[in-house]
Peer 1: 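Before I ask anything, here is the structure I am working with.
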Amino acid sequence: HAKRAITKIEAGWEAAMTTFAAPLEDMQFVMEQIADLAGVLALPGYAHVDRETVQLVLREAAKFAAEVLAPLDRIGDQVGAMLEDGQVRMPPGFGDAYRQFIEGGWNGLVFPQEWGGQDLPWLVNTAVAEIWNAANMAFYIAPLLTQAATEALLAHGTEEQKRLYLPKLIAGNWTAAMSLSEPQAGSDVGALRTRAERDGNIYRIRGQKIFISFGDHDCAENIIHFVLARLPGAPEGTRGVSLFLVPKFLPTSDGKPGIRNDFRCLKLEHKLGIRGSPTCVIAYGEGAGAAGWLIGRENEGMRCIFTMINNARLAVGIEGLGVAQRAFSKALAYARERVQGTRDGKRVAIIEHPDVRRTLLSMRARIAAMRALCYVTAAMVDRAYRAADAETARAARGRVALLTPIVKAWCTDRACEIASLAIQVFGGMGFIEETGAAQHYRDVRITPIYEGTNGIQAIDLVNRKLVMENGQ
C-alpha cells in the first residue's frame with residue numbers, strides 16, 4: 001500500500017500539488033512593520049540575533065520545508081501511521097525527515113542555550129512554525145507538543161527533571177505527548193479516572209487515555225508523556241488532579257533510554273485528516289503500573305498543565321494560519337493555470353473572472369489578518385519573558401492571556417473557511433482527492449477542536465480574560 005501511494009504521488013497532478021513556497025516577503029513585512037521585530041531584538045538576551053540572522057533562519061526553514069516536508073504531506077495522508085506488533089510506524093520518509101529536522105536544530109530555537117537551545121525570539125519561532133504547518137501539519141504536531149512540554153518543564157520541573165529531560169527534549173532526541181483526554185471525560189478534565197499511587201520515590205499510574213497525538217511513534221528514541229491523574233483521597237474535580245512525567249523508556253542515570261515502562265498503544269484512531277500524525281489510545285499500568293514522577297505539587301496538576309496547554313493553544317492557531325496559507329497558495333496557482341470561460345471574446349484563466357478574484361482576495365486578506373494576530377501575540381510573549389521593566393512584562397503577560405483564546409479560535413475558524421474556499425476555487429476538481437485541495441480542509445478541521453474547542457475558548461475569553469484586572 002505504501003509503495004503504491006509513493007508511486008502514485010510521483011506522477012501527474014499530485015506531484016504538482018506538492019510544490020511549496022513560503023511567502024517570505026509577506027511574513028517579513030508583518031514581522032518588521034506590524035510585530036516590531038526591531039523592538040523584540042532589542043530586548044535583553046537577544047543581542048546575538050539581528051535582522052539578517054532572522055532572514056537567514058526563515059530562508060533555510062522555507063528551503064527545508066519545500067524540499068523535505070512538503071513532498072511527504074500527501075504520503076502521510078494516503079499511507080498514514082500504522083500500528084504493527086504493538087509499535088506505531090510512521091509513514092515512509094517521516095523518520096528520515098525528523099532526523100534531518102533535529103540535526104538542523106529546529107526543535108530548540110526558542111529555548112535557553114544552557115539546555116542546548118538557541119535563545120531565538122518566539123516571534124521568529126512563530127514564523128518558522130507557520131512554514132512547517134503549511135508544508136506538513138501532521139509532521140509538525142510532534143515538535144509542537146515537545147515545545148509545549150519543554151515550556152511546562154522549564155516552569156514547573158525540579159532541577160533533577162530539568163537536567164535529565166530538557167537537553168533531550170530541546171534537541172528533539174526525545175519527544176513529548178500531552179495525555180489528558182479520557183473516553184468518559186473529553187474536555188471535562190475533572191471527570192478523569194486515571195489513578196496514581198505513591199510507590200517509594202515514584203508514582204504508579206493506571207488508566208486509559210484517548211486522542212493522544214504522537215503518543216507512540218518510531219521517529220525518536222524516547223517519548224515522554226505528561227499525564228493527568230488523581231491521587232487517593234484527592235478532592236473531586238479539577239482541584240484534585242496531579243501532573244506526572246511518564247517516559248516510554250525509563251532513563252538511566254546517564255540519561256539514556258532504559259527499560260520499557262508499563263504502558264502501550266492499544267489502537268490508532270482512523271481520522272478525517274492529519275493521518276500522518278498517530279492519534280493513540282494509551283493504556284497505562286496493565287502490569288505493575290506505569291512509573292511516573294510528579295511535576296509540581298500534588299493536586300496542582302491543572303496549574304502545571306495549563307502552561308503546556310496555553311503554549312499549545314497559540315501553536316494551534318498557527319496551525320490554522322499555516323494550512324490556510326497552503327490552501328490559498330494552491331488555489332491561486334490553480335486559478336492562474338485553469339483556462340475556462342471567456343472575457344472579451346478570449347479564453348481566459350479563471351483568475352480573470354470577478355467571483356474567483358473576489359474569493360482569492362478574501363482569502364488573502366483573512367490570512368494577512370491571521371498572520372498579524374499570531375505574530376503580534378508572539379512578540380508579546382517575547383516581551384513577557386524578556387522585558388527589563390517589570391510593568392512592561394506584566395502588561396505583556398496580560399495581553400498574551402487575552403489574545404490566546406482569540407488566536408486559537410479565530411484563526412482556526414478562519415482556516416476552515418479558507419480551506420473550504422480553496423476547494424470552491426478548484427470547483428469540481430477540488431472535491432477530487434487527487435488535486436490535494438481536499439486534504440487541507442480535512443487536516444485543518446481538527447484545529448477548532450484541539451486544546452479546548454472554540455466554544456470553550458469563547459467561555460475563557462468572556463468569563464475569564466475580559467474581566468482580568470477589572471477589565472484593564
Side-chain angles (χ1 to χ4, degrees), residues 64 68-69 72 76 80-109 111-112 114-118 132 136 138-154 157 160-179 202 205 209 212-227 244-266 268 276-280 282-284 287 290-293 295 308:
F64 182 79
V68 179
L69 297 186
L72 296 176
M82 294 167 281
L83 181 61
E84 298 177 345
D85 300 323
Q87 171 66 53
V88 174
R89 308 293 181 191
M90 293 298 291
F94 272 58
D96 183 60
Y98 185 76
R99 284 187 290 274
Q100 294 181 58
F101 183 85
I102 62 175
E103 287 170 2
W106 295 111
N107 205 65
L109 291 184
F111 296 117
E114 65 175 303
W115 300 113
Q118 300 181 47
W132 305 143
N136 194 329
F139 172 92
Y140 188 61
I141 290 171
L144 180 160
L145 290 168
T146 303
Q147 287 189 355
T150 299
E151 188 171 17
L153 203 57
L154 281 166
E160 176 62 17
Q161 289 169 348
K162 292 177 183 179
R163 181 193 66 79
L164 192 57
Y165 290 96
L166 282 180
K168 299 289 188 179
L169 290 171
I170 289 173
N173 301 112
W174 297 357
T175 65
M178 191 183 335
S179 197
I202 66 171
I205 315 297
K209 299 286 187 177
I212 310 306
S213 298
F214 277 88
D216 193 33
H217 58 87
D218 58 358
C219 290
E221 62 184 17
N222 206 355
I223 305 166
I224 314 304
H225 287 211
F226 285 63
V227 182
F244 299 91
L245 187 157
V246 185
K248 179 179 178 180
F249 296 101
L250 303 181
T252 61
S253 59
D254 58 355
K256 296 181 180 179
I259 63 173
R260 176 71 185 260
N261 208 349
D262 182 18
F263 69 81
R264 65 189 180 98
C265 178
L266 297 180
L268 292 182
S277 167
T279 303
C280 305
I282 302 289
Y284 299 92
W293 285 261
I295 298 176
M308 188 174 183

Peer 1: Would you compute the distance between atom CZ of Phe214 and atom NE2 of His225 and round it to the nearest 0.5 angstrom?
Peer 2: 12.0 Å

Peer 1: Looking at Val88 and Ala81, what are the two nearest heavy atoms and their distance?
Peer 2: CG1-CB, 4.3 Å

Peer 1: With rounding to the nearest 0.5 angstrom, report the CD1 to CD distance, Ile170 to Gln147.
Peer 2: 10.0 Å

Peer 1: Of all heavy-atom pairs between Cys280 and Ile282, which one has the smallest distance, and what is that distance?
Peer 2: CB-CD1, 3.7 Å

Peer 1: Identify, with sequence neighbours excluded, every residue that meets side-chain contact (heavy atoms from CB on, under 4.5 Å) alongside Ala152.
Peer 2: Thr307, Met308

Peer 1: Show the nearest heavy-atom pair for residues Gln118 and Gly105, with the distance to one decimal.
Peer 2: NE2-O, 2.8 Å

Peer 1: Is the backbone of Arg89 close enough, under 3.5 Å, to the side chain of Glu84 for a donor and an acceptor to pair up by distance?
Peer 2: no

Peer 1: Could you walk me through whether Trp293 and Ile202 satisfy the side chain to side chain contact (heavy atoms under 4.5 Å, CB included) test, starting with their C-alpha distance in whole Å, then the side-chain angles of each, then the deciding distance to 0.1 Å, before giving a yes or no?
Peer 2: CA-CA 5 Å; Trp293 285 261; Ile202 66 171; 3.6 Å; yes

Peer 1: Which pair of non-hydrogen atoms, one from Pro167 and one from Lys162, has the smallest distance, and what is that distance?
Peer 2: CD-O, 3.4 Å

Peer 1: Just how far is it from atom OG1 of Thr150 to atom NZ of Lys168, taken to the nearest 0.5 Å?
Peer 2: 13.5 Å

Peer 1: Nearest 0.5 Å please: distance from the CD1 atom of Ile141 over to the OG1 atom of Thr146.
Peer 2: 11.5 Å

Peer 1: In chain order, what residues pass the side-chain hydrogen bond (donor to acceptor under 3.5 Å, both in side chains) check against Tyr140, with sequence neighbours excluded?
Peer 2: none

Peer 1: Are Pro278 and Met90 packed together at the side-chain level, in the sense that at least one heavy-atom pair is separated by less than 4.5 angstrom?
Peer 2: yes

Peer 1: What I'd like to find out is whether the side chain of Leu154 reaches to under 4.5 Å of the side chain of Phe111, using heavy atoms alone.
Peer 2: yes

Peer 1: Give the C-alpha distance, both sets of side-chain angles, the deciding distance and a yes or no for side chain to side chain contact (heavy atoms under 4.5 Å, CB included) between Phe139 and Leu72.
Peer 2: CA-CA 9 Å; Phe139 172 92; Leu72 296 176; 5.6 Å; no

Peer 1: Residues two or more places apart in sequence or in another chain: which of them pass side-chain hydrogen bond (donor to acceptor under 3.5 Å, both in side chains) with Thr175?
Peer 2: His217

Peer 1: How close do Ile212 and Met178 get, heavy atom to heavy atom, and via which atoms?
Peer 2: CD1-O, 3.7 Å

Peer 1: Classify the ring geometry of Tyr284 against Phe263: parallel below 30°, tilted from 30° to 60°, perpendicular beyond 60°.
Peer 2: tilted

Peer 1: Between Asn173 and Asn222, is any pair of side-chain heavy atoms under 4.5 Å apart?
Peer 2: no

Peer 1: Kindly write out the residues that satisfy side-chain hydrogen bond (donor to acceptor under 3.5 Å, both in side chains) with Glu114, not counting sequence neighbours, or none if the list is empty.
Peer 2: none

Peer 1: With rounding to the nearest 0.5 angstrom, report the CG to OG distance, Leu145 to Ser213.
Peer 2: 6.0 Å

Peer 1: Could you go through residues 245-252 and list every donor-acceptor pair under 3.5 Å that involves a side-chain atom there, pairing it with any protein atom two or more places apart or in another chain?
Peer 2:
from	atom 1	to	atom 2	distance (Å)
Lys248	NZ	Gln87	OE1	3.4
Lys248	NZ	Asp216	OD1	2.7
Thr252	OG1	Asp254	OD1	2.3
Thr252	OG1	Lys256	N	3.2
Thr252	OG1	Lys256	O	3.3

Peer 1: At what distance, to the nearest 0.5 angstrom, does CG of Leu164 lie from CH2 of Trp174?
Peer 2: 5.5 Å

Peer 1: Show me, pair by pair, the donor-acceptor contacts under 3.5 angstrom made by side chains of residues 91-102, not counting sequence neighbours?
Peer 2:
from	atom 1	to	atom 2	distance (Å)
Asp96	OD2	Gln100	NE2	2.9
Tyr98	OH	Gly172	O	2.6

